[in-house]
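As structure tokens, the structure follows; a few thoughts come after it.
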Amino acid sequence: MSTAFLTSEVRKPIDPMLPHLATIQDVKPTAVGISMFSLVFADPEERANYRFQAGQFNMLYLPGAGEVAISLSSDPGQPEVLGHTIRDAGSVTRAIGRLKAGDVIGVRGPYGSAWPLNKTRGSNLVIVAGGIGLAPLRPVILSILRQRSAYGQVVLLYGARTPADLLYTDEFDQWRQGGIDVQVTVDLGEESWRGLVGVVPQLFYRIRIDHKKTAVMACGPEIMMRFVIYEALARRIPKDRIYISMERNMKCAVGFCGHCQFGPTFICKQGPVLNFAAIEPFFGKEDF
Amino acid sequence: MSASLPRVSASVAMPKGSLQQVFDNLRAAGYTLVGPTVRDSAIVLDEIDGLDDLPQGWTDEQQPAHYRLKKAPDNQYFSYGVGPHSWKQFLHPSRLRLFSVEKNNGSWTIRPSQEPPPRYAFIGVRACDVAAIGIQDRVLIGSEFRDPHYAARREQVFVLAVNCSHSGATCFCASMKTGPKVTGGFDLALTELPDIFLVEIGSEAGAEVLGDVPWEAATAFDLGRASRVIQRAERQDGRHMLTDDLPDVLYENLESPQWDEVATRCLSCANCTLVCPTCFCTTVEDVSNLRATSAERIRVADSCFNRDFSHVHGGNSRPTIRSRYRQWLTHKLASWIDQFGTSGCVGCGRCITWCPVGIEITEEVNAIRAKGGK
């Protein structure tokens with residue numbers, strides 16, 4: 001055997017592409033066309049051993065339909081039930097959208113990097129989300145609420161296209177009572193809307209915060225994140241204290257398929273949560 | 001003849017006809033032989049039985065968008081340059097069933113592919129392709145996740161390499177420092193001389209296969225002749241890649257007008273990624289029966305030149321040929337180094353020969369340098 005290039009010992013050939021079976025425990029409509037699916041692993045051992053961090057994602061699979069990368073949006077402190085907030089956006093998510101409690105779904109994960117909840121202890125946090133971009137940040141909020149005193153000022157700047165597109169609105173009061181300043185805006189109001197109208201980055205103008213001790217965590221459309229970064233930098237928040245969660249096409253989530261590359265970064269491995277200082281040379285380049 | 005067993009790292013001289021005996025020994029050891037053979041007016045890689053299947057007396061003429069077989073002036077077995085195929089089609093097959101699923105009474109049974117991996121002996125692997133296998137090793141089994149399908153094939157492979165005696169007009173292995181001499185990653189390495197094969201033994205497995213084959217210790221004369229053959233091949237390299245500061249030059253020129261210029265010629269056909277021995281991207285196809293009670297997941301080769309490659313809900317992050325060519329070239333020559341500690345290019349020249357419009361990766365790099373002032 002020519003083993004000159006084989007770098008590590010021969011390991012058990014476990015295929016990282018094989019899903020585990022899980023049962024859908026609950027489907028909760030969360031916004032128009034968006035539901036939260038709560039999943040429980042069928043295998044008791046998998047259920048007992050599975051842990052995840054805020055910001056990570058799973059690959060969800062349906063036979064014949066395919067696989068899709070969906071971030072975990074439930075509390076990392078309760079890893080026995082896995083929440084995924086899913087919008088009907090393509091053929092796989094549409095097939096998942098037809099599932100009911102008791103149905104089976106394939107799950108593998110968790111994959112990817114996490115929001116820096118330890119590194120940012122003691123600092124102020126500006127959490128910025130656009131649309132369904134709040135889903136991977138909900139675990140951050142739930143984690144902070146359990147140890148609120150570990151952080152300084154915590155602000156959530158959240159916006160969606162219309163009021164009907166806002167996620168988790170029934171939880172906002174609880175988050176506010178827990179000590180998080182929740183600021184909400186929509187691009188397009190309607191008659192009954194009494195809140196703010198405008199794009200998310202403008203919410204920066206409504207907060208008073210000591211920016212020197214602040215970190216930003218943002219997830220949403222890339223155009224929104226560009227302007228979030230712009231507002232953060234304008235307030236002299238250092239580049240390496242700005243974290244964004246990015247999205248690219250993914251087929252494997254383990255660095256084999258090549259689809260999710262963003263310059264040197266595999267979004268599935270070094271991402272989805274990325275430090276802005278590390279990706280600045282590539283971020284915002286046209287069609288990159 | 002052979003007084004004792006040949007040692008690893010020794011070089012021995014072997015009559016040319018004895019290569020058949022090496023093949024027979026490999027087959028007796030359970031290997032399926034894969035090697036070069038003439039088919040469809042090209043030298044391709046396929047299962048072979050013996051010396052008769054090799055492209056003896058054939059060579060090729062390669063230029064951008066040009067490949068022609070022609071009769072070689074000599075009657076050697078390995079006078080050709082690499083063809084459209086590479087070994088990745090055996091180690092990283094373009095179509096592979098990952099698993100099948102049966103649904104019954106609300107539950108699923110998932111069956112991973114159980115076919116035993118083939119045990120291949122690769123015959124005639126050139127230095128650039130040995131390097132390419134090493135690169136795919138890093139990509140597919142060199143990090144925290146390992147592709148078990150690749151690993152199962154790779155761990156069993158026997159590599160019979162061949163040092164190039166001729167380089168083609170699209171070759172640039174010397175500038176990528178991968179060839180034309182094979183320097184590692186082989187079990188046996190041949191240098192073809194008019195009368196003998198000089199055989200370098202790279203592993204115990206190689207020594208074993210050579211066991212009962214008649215051989216003689218290589219003389220200084222043979223070694224000298226072999227090294228001149230390889231030096232000639234190095235001088236013949238028809239293309240040159242200027243690799244100085246290459247990642248930085250490309251990263252600094254992500255908005256170079258050259259990307260627009262090449263996009264007017266590039267057809268985004270994906271030929272370059274098909275023939276590239278290191279390109280590894282895949283996608284997955286899901287097939288099911290009409291009642292959706294059974295399904296399969298099949299991994300198939302994909303290319304960053306395909307439009308759907310970067311599709312996510314709401315759009316495509318690389319909708320233009322400009323952006324896709326830029327992705328391919330900057331990945332191959334720059335970000336690959338950040339990701340895997342090695343360039344993704346081995347200088348085999350296949351992407352130049354098999355590009356239907358003759359785009360030359362070496363020339364594109366030069367043009368980017370020129371327009372970027374470097």
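- Counting non-hydrogen atoms of other residues, nucleotides and ligands closer than 6.0 Å to CD of B:Glu204 gives a total of 12 or fewer.
- For chain A, the option among B:Ala334, B:Ala152, B:Pro319 with the highest count of heavy-atom pairs below 4.5 Å is B:Pro319.
- From B:Gln339, atom CD reaches atom CD of A:Gln261 across 4.5 Å, with rounding to the nearest 0.5 Å.
- A distance of 11.5 Å separates SG in A:Cys257 from CG in B:Asp147, rounded to the nearest 0.5 Å.
- Taking the salt bridge (Lys or Arg N to Asp or Glu O under 4.0 Å) definition, one finds that B:Glu285 meets it with B:Arg95, sequence neighbours left out.
- Inspection of non-hydrogen atoms places A:Tyr61, A:Leu62, A:Pro63, A:Gly64, A:Ala65 of residues 57-65 of chain A under 4.5 Å from chain B.
- In terms of heavy atoms, A:Arg87 sits closest to B:His313 at NH2-ND1, 3.0 Å.
- Enclosure of atom CZ in A:Phe227 is not indicated, since only 12 or fewer non-hydrogen atoms of other residues, nucleotides or ligands lie within 6.0 angstrom.
- The part of B:Phe99 that comes within reach of chain A is its side chain, from C-beta onward, which places non-hydrogen atoms under 4.5 angstrom from that chain.
- Ring centroid separation for the pair B:Tyr150 and A:Phe256 does not come in under the 6.0 Å cut-off.
- No more than 12 heavy-atom neighbours from other residues, nucleotides or ligands sit within 6.0 angstrom of CD on A:Glu45.
- Residues A:Leu21 and B:Trp108 share a closest heavy-atom pair of CD2-CE3, 3.1 Å.
- For the pair A:Pro264 and B:Pro247, the minimum side-chain heavy-atom distance is 4.5 Å or more.
- Heavy-atom distances place no part of B:Arg324 under 4.5 Å from chain A, backbone and side chain included.
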Dump the intermediate steps for side-chain contact (heavy atoms from CB on, under 4.5 Å) on B:Arg326 and A:Phe288, then the final yes or no. CA-CA 8 Å; B:Arg326 179 177 64 182; A:Phe288 192 71; 3.7 Å; yes

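- Interatomic distance, A:Asp15 CG to B:Ser113 OG, rounded to the nearest 0.5 Å: 9.0 Å.
- Heavy atoms of other residues, nucleotides or ligands lying less than 6.0 angstrom from CZ of A:Arg94 number more than 12.
- Sorted by first and then second residue, the ring pair (Phe, Tyr, Trp, His ring centres under 6.0 Å) pairs involving residues 277-303 of chain B (not counting sequence neighbours) are B:Phe280-B:Trp336.
- Residue contact with chain B, scored on non-hydrogen atoms closer than 4.5 Å, is absent for A:Pro221.
- Counting heavy-atom neighbours within 6.0 Å of B:Asp308 CG, excluding the residue itself, gives a total of 12 or less.
- Between chain A and the residues B:Val287, B:Asn289, B:Asp302, the largest count of heavy-atom pairs under 4.5 Å involves B:Asp302.
- B:His92 does not touch chain A: none of its heavy atoms, backbone or side chain, sits under 4.5 Å away.
- Here CG of A:Asp287 is found 8.0 Å from CG of B:Asn316. Values are rounded to the nearest 0.5 Å.
- Per-residue heavy-atom pair counts under 4.5 Å with chain A were compared for B:Leu140, B:Thr330, B:Ile337, and the maximum is reached by B:Leu140.
- Between chain A and the options B:Ala301, B:Cys281, B:Cys279, the largest number of non-hydrogen pairs under 4.5 Å is found for B:Cys281.
- Inter-residue side-chain proximity for B:Thr282 and A:Cys252 is flagged as unmet; no heavy-atom pair is nearer than 4.5 Å.
- When the heavy atoms of residues 292-299 of chain B are compared with those of chain A, the residues falling under 4.5 Å are B:Ala295, B:Arg297, listed by number.
- Partner of B:Ser317 under the side-chain contact (heavy atoms from CB on, under 4.5 Å) criterion, out of A:Met246, A:Glu222, A:Arg248: A:Arg248 alone.
- Rounding to the nearest 0.5 angstrom, the gap separating the OG1 atom in B:Thr283 from the CG atom in A:Asn249 is 7.0 Å.
- Of the inter-residue distances, the one linking B:Tyr251 atom OH with A:Lys285 atom NZ reads 12.5 Å to the nearest 0.5 angstrom.
- When each of A:Glu67, A:His259, A:Met17 is checked for heavy-atom pairs under 4.5 Å with chain B, A:His259 comes out on top.
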